[in-house]
Number of protein chains: 2
Amino acid sequence: MPTPSRTSLSEIVAAGLTIVESDGVEGLTMQKVSAAVGVQPPSLYKRVAGRGALLRLIAETVLEDLGESLGSAATGFDPKADLRALALAFRAFARSRPGAYRLLFAPLPEDWAPDQEMFVAASLPVLRTTEALVGPERALDAARLVTAWAHGFLTMELAGAFRMSGDLDEAFEFGVERLTVSLTAG
Amino acid sequence: MPTPSRTSLSEIVAAGLTIVESDGVEGLTMQKVSAAVGVQPPSLYKRVAGRGALLRLIAETVLEDLGESLGSAATGFDPKADLRALALAFRAFARSRPGAYRLLFAPLPEDWAPDQEMFVAASLPVLRTTEALVGPERALDAARLVTAWAHGFLTMELAGAFRMSGDLDEAFEFGVERLTVSLTAG
DNA sequence: ACCTGAACACCGTTCAAGT
DNA sequence: ACCTGAACACCGTTCAAGT
């Protein structure tokens with residue numbers, strides 16, 4: 001006699017996302033997730049291979065959201081304006097969902113990092129913009145320069161790693177400007 | 001009747017550093033540490049407040065090492081050459097000790113992040129170099145641009161986040177060059 | 001087919017008891 | 001003064017048993 005389903009994979013992922021945001025990656029436990037969806041911990045394993053697999057699913061969801069944010073930030077008309085818009089969208093995303101953002105680059109247990117292609121897909125708007133700026137030859141190097149800077153900046157901002165003195169907004173704008181210059185002067 | 005000490009704080013930290021390097025931050029358990037120094041887990045609490053405190057001590061050790069690496073990379077004579085040397089030293093450090101490097105920016109449990117001033121101290125060579133390049137006014141913004149890029153690049157390189165196509169060494173050199181240009185053209 | 005309780009191997013941490 | 005074993009509250013995960 002079949003037992004009626006009391007939860008679903010998407011509900012589990014959604015609950016996990018909420019927990020990651022409030023308690024961080026370390027705070028995501030199968031027990032919290034199971035409690036959030038109204039089930040006992042062992043039942044989760046009917047839908048998810050384990051904690052690592054769940055973290056990957058959550059991270060992939062976040063990557064999709066990030067990709068959408070970036071995708072709608074770039075217009076495709078003015079590459080210099082797009083570069084700035086992408087940077088601002090990136091920062092806005094990380095600041096509004098710091099837990100989710102941190103998950104993307106957190107050292108996940110046992111090779112549960114999200115699929116490589118999902119990172120590529122999410123950063124496609126950046127690659128298109130740098131291609132418009134520096135041409136196809138250097139587009140990838142330029143995209144790496146920009147994304148590395150943006151990611152590093154946000155990681156350090158979220159970690160409070162440079163709250164020394166000075167305005168962080170200004171520091172970010174400084175970065176955008178100089179990067180834009182360096183990619184258009186070449 | 002006093003029991004003879006069977007270990008020491010420095011031995012514990014050293015053992016922890018080794019474990020972080022081999023097993024990652026998540027892999028550092030008090031049990032592994034205690035086994036490595038030849039003691040029972042509860043004994044560690046005589047010298048260290050807990051796992052978080054130990055991680056902080058380890059991270060501070062790593063920060064000191066990084067600061068030394070950076071400090072000996074810059075000569076102080078040629079700021080442009082120093083910037084490149086700093087970037088290469090930074091990358092060499094992260095690649096030779098990825099576990100230790102990752103620890104620096106890992107989300108540590110409960111506010112156990114290393115002291116703010118230790119980050120500042122470690123990155124002082126970068127600040128001195130950018131000051132020589134762009135002047136005292138913009139030195140901090142410029143240092144943040146460089147360190148954010150370098151940190152972001154290494155985080156993504158270590159995470160395998162952009163092993164797509166293309167040469168990573170080349171991408172790194174591209175970044176150094178463009179950043180140097182952007183900081184000397186202003 | 002899905003859920004559950006019990007169980008196992010692991011955690012961090014506390015504490016009374018030993019020397 | 002330092003160490004230990006026992007204990008506690010928590011983990012992730014497996015599995016036999018229920019419906």
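In what follows, chains are A, B, ... by sequence order, proteins preceding strands, each numbered from 1.
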May I have the list of side-chain donor-acceptor pairs in residues 100-107 of chain B shorter than 3.5 Å, sequence neighbours left out?
from: Tyr101(B); atom 1: OH; to: His151(B); atom 2: ND1; distance (Å): 2.6

Strand contacts (DNA chain C) in residues 11-37 of chain B, 4.0 angstrom heavy-atom criterion: Leu28(B), Thr29(B), Met30(B), Gln31(B)
Interatomic distance where NZ belongs to Lys46(B) and C1' belongs to dC15(C) [whole Å]: 10 Å
For Arg51(A), all residues meeting salt bridge (charged side-chain N to carboxylate O under 4.0 Å, His left out), sequence neighbours excluded: none
Sugar-phosphate, base or nothing in reach of Ser43(A), heavy atoms under 4.0 Å: base
Given dG12(C), dA6(D), dT4(C), the nucleotide with the shortest approach to the side chain of Arg51(B): dG12(C)
Side chain to side chain contact (heavy atoms under 4.5 Å, CB included) partners for Arg91(A), two or more places apart: Arg95(A), Phe153(A), Leu154(A), Glu157(A), Leu168(A), Asp169(A), Phe172(A)
Rounded interatomic separation in angstrom, taking CG from Leu44(A) and P from dC15(D): 17 Å
Residue pairs passing the side chain to side chain donor-acceptor pair (under 3.5 Å) test where at least one lies in residues 52-71 of chain B, sequence neighbours excluded: Asp65(B)-Arg97(B)
Can you give each donor-acceptor pair under 3.5 Å made by side-chain atoms of residues 124-136 of chain B, sequence neighbours left out, with the distance rounded to 0.1 Å?
from: Thr129(B); atom 1: OG1; to: Pro125(B); atom 2: O; distance (Å): 2.9
from: Thr130(B); atom 1: OG1; to: Val126(B); atom 2: O; distance (Å): 3.2
from: Thr130(B); atom 1: OG1; to: Leu127(B); atom 2: O; distance (Å): 3.0
from: Thr130(B); atom 1: OG1; to: Ala139(B); atom 2: O; distance (Å): 3.0

Residue pairs fulfilling side chain to side chain donor-acceptor pair (under 3.5 Å) with at least one residue in residues 25-34 of chain A, sequence neighbours excluded: Asp23(A)-Lys32(A)
Under the side chain to side chain contact (heavy atoms under 4.5 Å, CB included) test, residues paired with Ser5(A) that sit two or more places apart: Arg47(A)
Partner set under side chain to side chain contact (heavy atoms under 4.5 Å, CB included) for Ala92(B), not counting sequence neighbours: none
Heavy-atom closest pair, residues Leu145(A) and Ser182(A): CD2-OG, 4.3 Å
Spacing between Tyr45(A) atom OH and dC11(D) atom P, to the nearest angstrom: 12 Å
Return the polar atom pairs (N/O with N/O) between nucleotides 16-18 of chain D and the protein under 3.5 Å, or none.
none

Secondary structure string for DNA chain C (Watson-Crick or G-U under 3.5 angstrom, | for other-strand pairs): ||.|||||...|||||.||
Residue list, salt bridge (charged side-chain N to carboxylate O under 4.0 Å, His left out) with Glu177(A), at least two apart or on another chain: none
Euclidean distance, atom CZ of residue Arg6(A) to atom P of dT19(D) [Å, nearest integer]: 13 Å
